[in-house]
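Take a look at the structure below.
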Amino acid sequence: MHAATRELAQAIAAARRITVVTGAGVSAASGVPTFRGEGGLWRQYRPEELATAEAFRRDPALVWEWYAWRRERIAGCEPNAAHHVIAGWSRRPGCRVITQNVDDLHVRAGTRHLIRLHGSIWEMSCWDHCGQAKWRDEAWSWPGPGEVSGAMANRRLPRCIRCGGLARPAVVWFGEALDPADVDAALGACDCDLFLTVGTSAVVHPAAGLVHEARRRGAFTAEVNLDPTPASSAVAVSIRGRAEDVLPRLARP
Ligand code: BV8
Ligand code: ZN
């Protein structure tokens with residue numbers, strides 16, 4: 001085992017309070033596309049065209065077609081070894097898990113004390129803000145090519161279960177505020193002994209700022225990621241590798 005991995009494994013074993021922050025890299029081995037790496041979603045699409053309220057206002061069918069495609073991809077994915085190690089850590093008192101991912105694979109792996117900063121691709125909310133709380137809908141799927149087009153497509157889009165208006169994916173888009181309760185919980189989780197980021201390019205805020213806040217509060221900070229990130233030079237230990245390979249080693253000091 002590399003010295004850095006051993007050092008981190010020992011720090012994890014000794015830590016009383018651990019906070020883990022994950023990004024798309026932790027789900028890569030499960031087959032969920034990442035955003036910015038090789039074959040990432042933002043290589044094929046422009047985020048402003050799909051992951052913003054403006055894009056949805058302009059063309060809800062296009063945005064729903066993209067989310068339907070991602071839901072279908074994710075439906076066939078299972079949590080991988082990295083999710084299971086993190087779920088194991090989450091059962092330790094004082095451990096909290098924060099994810100940027102919307103795939104809910106941490107939920108399916110049985111992770112406790114999970115903060116889903118960007119929401120869930122399996123949940124919907126009312127585009128017209130009628131007051132209906134977000135709800136889970138795993139059944140809705142895109143009507144399929146050729147079956148509907150144009151105005152017809154808009155009629156087959158998901159509707160709000162309360163007012164019948166247009167429903168939207170209950171995820172946080174660029175330019176949208178995160179749920180203040182989630183931000184508060186994430187900041188509270190920066191009070192920890194060990195802060196570990198796994199599988200994130202560390203460019204999306206406010207999630208990307210958490211590791212720096214944890215360091216400011218005295219935490220031992222570490223990163224496991226396939227590529228270098230803007231956080232790599234700021235953490236105490238930065239391990240280059242695949243989460244599904246490295247995390248099981250970190251769990252067996
Ligand atoms: C907000 C939607 C304010 C859901 C997403 C401060 C500074 C700079 C910019 C900003 C700032 N504050 C706000 C901004 C703007 C913006 C932002 O951060 N822009 C960036 C891009 C510059 N932030 C926002 O707009 C946020 N909102 O701050 O609002 C506000 C306040 C009040 C009132 C109104 C507004 C909202 C951010 C959320 C955006 N939504 N997605 C969806 O459809 O998924 S973000 C999107 O990127 C995903 O949700 C994803 O979670 C997130 C981060 O990406 P990563 O998870 O890191 O994935 P990525 O592919 O980038 O990286 C994967 C990494 O894994 C790679 O490094 C790769 O090397 C590695 N990897 C691959 N395989 C493996 C691996 N590692 C290990 N093992 C492997 N096997
Ligand atoms: Zn409604």
Side-chain angles (χ1 to χ4, degrees), residues 21-43 45-56 63-64 66-67 69-71 73-74 80-83 85 98-104 106 116-135 158-180 182-183 196-212 223-232 238-248:
V21 172
T22 67
V26 87
S27 295
S30 299
V32 180
T34 60
F35 292 90
R36 296 168 184 84
E38 269 313 297
L41 290 169
W42 297 150
R43 298 287 166 114
Y45 306 100
R46 289 166 42 80
E48 310 75 51
E49 284 168 4
L50 292 165
T52 65
E54 184 40 47
F56 192 77
V63 175
W64 262 122
W66 185 59
Y67 276 93
W69 173 78
R70 288 177 61 195
R71 286 161 54 110
R73 277 289 300 261
I74 292 167
N80 65 62
H83 293 108
V85 166
I98 301 166
T99 189
Q100 301 171 87
N101 300 342
V102 298
D103 58 32
D104 272 6
H106 284 302
R116 296 179 304 171
L117 277 185
H118 295 162
S120 167
I121 202 164
W122 297 111
E123 293 174 6
M124 298 183 180
S125 60
C126 181
W127 173 244
D128 301 327
H129 304 287
C130 75
Q132 170 64 40
K134 61 187 173 183
W135 65 94
R159 313 306 296 184
C160 172
I161 54 175
R162 180 166 179 245
C163 73
L166 193 52
R168 57 163 284 177
V171 299
V172 180
W173 280 326
F174 288 103
E176 291 190 317
L178 282 66
D179 180 331
D182 289 339
V183 176
L196 171 64
T197 76
V198 185
T200 179
S201 58
V203 296
V204 173
H205 289 265
L210 294 171
V211 65
H212 305 287
E223 172 190 68
V224 173
N225 203 63
L226 201 53
D227 300 312
T229 76
S232 300
S238 179
I239 296 174
R240 213 52 64 252
R242 295 189 178 284
E244 62 275 19
D245 301 334
V246 175
L247 264 61

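Numbering starts at 1 and runs along the sequence shown. Whatever order the structure lists them in is the order used to number ligands and atoms, beginning at 1. Nothing here was measured: the structure is a model prediction, and the numbers come from that model.
- With hydrogens left out, the protein atom closest to atom 56 (O) of ligand 1 is Ala24 N, 2.8 Å, a heavy atom.
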Q.
Evaluate Val224 against Leu196 for side-chain contact (heavy atoms from CB on, under 4.5 Å), listing each step before the verdict.
A. CA-CA 8 Å; Val224 173; Leu196 171 64; 4.0 Å; yes
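- In this structure, the separation between CG on Leu210 and CD1 on Ile98 is 5.0 Å, given to the nearest 0.5 Å.
- Atom 53 (C) of ligand 1 is approached by the protein to below 4.0 angstrom, counting heavy atoms only.
- In terms of protein heavy-atom proximity, atom 68 (C) of ligand 1 is closest to Asp227 OD2, 3.7 Å.
- The two residues Trp69 and Pro33 make their nearest non-hydrogen contact at CH2-CG, 4.3 Å.
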**Q.** Check against side chain to side chain donor-acceptor pair (under 3.5 Å), Ser27 and His106
**A.** CA-CA 9 Å; Ser27 295; His106 284 302; 6.0 Å; no
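- Listed by chain and number, Cys126 SG, Cys130 SG, Cys160 SG, Cys163 SG are the protein N/O/S atoms closer than 2.8 Å to the Zn ion (ligand 2), with waters left out.
- Ligand 1 has no N or O atom lying under 3.5 Å from any N or O atom of Ala51, backbone or side chain.
- Applying the 4.0 Å criterion to heavy atoms of Trp173 picks out, from ligand 1, the atoms 36 (C), 39 (C).
- The line from CG of Leu178 to CD of Gln100 is 9.5 Å long, rounded to the nearest 0.5 Å.
- Among protein heavy atoms, atom 20 (C) of ligand 1 sits closest to Val203 O, 3.5 Å.
- Contact between Trp64 and Ala167 at its shortest, heavy atoms only, is NE1-O, 2.9 Å.
- Closest protein heavy atom to atom 1 (C) of ligand 1: Glu176 O, 3.4 Å.
- Atoms CZ and CG, from Arg116 and Asn101 in turn, are 11.5 Å apart once rounded to the nearest 0.5 Å.
- Summarising the geometry of Leu226 relative to Arg240, their closest heavy-atom pair is O-CD, 3.0 Å, with the distance given to 0.1 Å.
- Taking only nitrogen or oxygen atoms, main chain and side chain alike, Val204 does not reach within less than 3.5 Å of ligand 1.
- Looking at atom 21 (C) of ligand 1, its nearest protein heavy atom turns out to be Phe174 CE2, 3.9 Å.
- Short contacts between ligand 1 and Val171, defined as distances under 4.0 Å to a heavy atom of the residue, involve ligand atoms 4 (C).
- Of the candidates Pro206, Pro180, Ala177, the one placing a heavy atom closest to atom 28 (O) of ligand 1 is Pro206.
- Across every non-hydrogen atom of Glu223 and Ser232, the tightest pair is OE1-OG, 2.6 Å.
- Nearest-residue assignment for atom 39 (C) of ligand 1 (options Val26, Val172, Val32, Thr200; heavy-atom criterion): Val172.
- Under the side chain to side chain contact (heavy atoms under 4.5 Å, CB included) test applied with Ser30, the options Asp103, Asn80, Ile74 reduce to a single match, Asn80.
- Contacts with ligand 1 closer than 4.0 Å are made by side-chain heavy atoms of His118 only, the backbone lying farther away.
- Counting protein heavy atoms only, atom 7 (C) of ligand 1 is closest to His205 CD2, 3.5 Å.
- Separation of atoms CZ (Arg242) and CG (Asn225) is listed at 10.5 Å; rounding is to 0.5 Å.
- Phe35 is not listed as a side-chain neighbour of Val204, based on a closest heavy-atom distance of 4.5 Å or more.
- Residue Tyr67 has at least one nitrogen or oxygen atom sitting less than 3.5 Å from a nitrogen or oxygen atom of ligand 1, judged on distance alone.
- Here the heavy atom of the protein found nearest to atom 72 (C) of ligand 1 is Gly25 CA, 3.8 Å.
- The closest non-hydrogen atom to atom 44 (O) of ligand 1, taken over Arg36, Glu244, Glu223, Arg70, comes from Arg70.
- One finds the CG atom of Leu50 at 5.5 Å from the CH2 atom of Trp66 (value rounded to the nearest 0.5 Å).
- Inclusion of Asn225 in the set of residues having an N or O under 3.5 Å from an N or O of ligand 1 is warranted.
- Of the polar atoms of Phe35, at least one N or O is found under 3.5 Å from an N or O of ligand 1, judged by distance alone.
- Remark: the backbone N or O of Cys130 is paired with a side-chain donor or acceptor of Arg162 at under 3.5 angstrom.
- Within ligand 1, the atoms closer than 4.0 Å to a non-hydrogen atom of Gly23 are 56 (O), numbered from 1 in the order shown.
- When every heavy atom of Thr197 is checked against every heavy atom of Thr200, the shortest pair comes out as CB-CG2, 4.2 Å.
- Close contacts between ligand 1 and Gly199 involve ligand atoms 63 (C), 64 (C), 65 (O), 76 (N) [criterion: under 4.0 Å to a heavy atom].
- Between Cys126 and Trp135 the shortest heavy-atom distance is N-CZ3, 3.7 Å.
- Rounding to the nearest 0.5 Å places NE2 of His129 at 11.0 Å from SG of Cys160.
- Judged by the shortest distance from any of its heavy atoms, Gly241 lies inside the 4.0 Å radius around the atoms of ligand 1.
- Checking only distances, Ala28 never comes within under 3.5 Å of ligand 1, N or O to N or O.
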Q: In sequence, state the C-alpha distance, the side-chain angles, and the governing distance for Val102 and Tyr67, and then conclude on side-chain contact (heavy atoms from CB on, under 4.5 Å).
A: CA-CA 11 Å; Val102 298; Tyr67 276 93; 5.7 Å; no
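- Among protein heavy atoms, the minimum distance from atom 34 (C) of ligand 1 is reached at Gly175 O, 3.6 Å.
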